[in-house]
Amino acid sequence: MSVEHMRIVFMGTPEYAAICLQVLLEAGHQVVGVFTQPDRPKGRGGKVEMPLSKLVALEHGIPVFQPRRIRDEGLEDLKALKPDLCVTAAYGQILSQDILDVPPLGTVNVHASLLPEYRGSSPANWVIIKGEKTTGVTTMMTDAGIDTGDILLQKSLDILKNETAGELTLRLARLGAALLLDTIERIKTGTCPRQKQDENKMSYYPMLTKQTGFINWDYSAKEIQNLILGVQPWPGANTGSPWGMIKIISADVMPSDKQALPGTILTADTKQGLIVQTGEGNLLVKLMQAPGGKAMDSKDYLRGHPYKGEGSMKMDEVNT
RNA sequence: CGCGGGGUAGAGCAGUUCGGUAGCUCGUCGGGCUCAUAACCCGGAGGUCGAGGGUUCAAGUCCCUCCCCCGCAA
């Protein structure tokens, strides 16, 4: 079976997936169909936007399928495409066994972590939140569980200092795409290693929510900094403050000379910026953003919003 | 037509309710004080108030249209 003759169906949704799809196409693989999430209203004004993977597919004239639930409405379409192999990358839907049974060569998933650690839908965010130094990508045979299938190939990647989850995701996508090509090549020649996951070493992390980004000032300054980097670009690290709900985009860890209650505002002036006591160490807020405003240096923000008196970042917390 | 905030000097903001000399905190430039300074004092430059049109003796402010930025919700 040559590359040209292998019929591949791709399933993926956001940029991470679109990069994999793009690389697959540039390598000359025959992608006969793309499954992606339905177009949904996005942004203000409720304008509908198409997933990036759909955009790439349309540019190459590939048929696009957008079932709400592929396991309810997608089986016949998938069968009709007669795929030899399915490839998934951040599709956002769980595949049922009858879907997995369609392609004779199976379904390969490109997961953005070193499995069995960091199973789940947002691994690039969680490795940063957890302060890991290294992560990577894994290609695996998809089975009915969530990221539980047999591992094919892996490649590791060092996490850069001050790297955000968004930046890391892009690097992992490019690395994963290359690994995917390698994996497909080896499947074709029957030389692909295949190994069960060690369940004793597995870890699972849930999908991010708005709540994930709320800063708990009892944590250490380092942990909070990791959170800030790990929840970008979405949902962003938010906290209450004397000025209302604000988003913190970047911050530095500072040693603390004196202990105050976590969340206490130690300094808020236009010379040093905003410095907050945490559970361990202080956090110097660099870039921040108030509702309706643009991201700006905390020193700039304080120029127009002078701070008076005692205060804590635990004020005005949203109670939902 | 999902809800909402915003665009005023290089930066961040006030002023708009109720039209009447363009303000504040910084920065910047010059001078002073100081062993010295991110401190303090004095002085200066820098603005078609997002764009266009309308009302008016007079518009940052009121009316209409448009452009751009952002938060929420999805």
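Letters A, B, ... are given to chains in the order of the sequence lines, protein chains preceding strands, and every chain is numbered from 1.
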What residue pairs, at least two apart or across chains, pass side-chain hydrogen bond (donor to acceptor under 3.5 Å, both in side chains) with a residue in residues 224-233 of chain A?
A:Lys222-A:Gln225

Give one of base, sugar-phosphate or nothing for A:Lys42, where a contact means two heavy atoms less than 4.0 Å apart.
base

Sugar-phosphate only, base, or nothing, as touched by A:Pro306 at under 4.0 Å among non-hydrogen atoms
nothing

Quickly work out the [X] [atom1] to [N] [atom2] distance and round it to whole Å.
{"X": "A:Asp300", "N": "B:C26", "atom1": "CG", "atom2": "C1'", "answer": "9 Å"}
{"X": "A:Leu302", "N": "B:C26", "atom1": "CG", "atom2": "P", "answer": "12 Å"}
{"X": "A:Gln211", "N": "B:A73", "atom1": "CD", "atom2": "P", "answer": "11 Å"}

Taking atom [atom1] in both [N] and [M], what distance in whole Å separates the two?
{"N": "B:C24", "M": "B:C33", "atom1": "C1'", "answer": "26 Å"}
{"N": "B:U48", "M": "B:G7", "atom1": "C1'", "answer": "15 Å"}
{"N": "B:G20", "M": "B:G2", "atom1": "C1'", "answer": "41 Å"}
{"N": "B:A73", "M": "B:C62", "atom1": "P", "answer": "31 Å"}
{"N": "B:G43", "M": "B:G4", "atom1": "P", "answer": "47 Å"}

Nearest to the side chain of A:Lys271, which nucleotide is it out of B:A74, B:G12, B:C26?
B:C26

B:G60 pairs with, by Watson-Crick or G-U criteria that keep both distances under 3.5 Å:
none

Any strand: nucleotide that pairs with B:C24 via Watson-Crick or wobble, under 3.5 Å
B:G12

Can you list everything that forms a side-chain hydrogen bond (donor to acceptor under 3.5 Å, both in side chains) with A:Ser96? Sequence neighbours excluded, please.
A:Asp98

Residue set satisfying side-chain hydrogen bond (donor to acceptor under 3.5 Å, both in side chains) with A:Asp269, at least two apart, ordered chain then number -> none

Mapping A:Lys47 and A:Tyr301 onto RNA chain B by nearest heavy atom, which one lands closer to the 5' end?
A:Lys47

Please check this pair: side chain of A:Gln289 against backbone of A:Gly293, looking for a donor-acceptor N/O pair closer than 3.5 Å.
yes

Which ring pair (Phe, Tyr, Trp, His ring centres under 6.0 Å) pairs, counting each pair once, include a residue from residues 120-158 of chain A, with sequence neighbours left out?
A:Trp126-A:Tyr205

Summary of protein contacts for nucleotides 66-71 of chain B, nucleotide by nucleotide, where a base hit scores B, a sugar-phosphate-only hit scores S (4.0 Å, heavy atoms)
---SBB

Mind jotting down which residue pairs meet the salt bridge (Lys or Arg N to Asp or Glu O under 4.0 Å) criterion with at least one end in residues 52-65 of chain A? Sequence neighbours excluded, please.
A:Asp39-A:Lys54

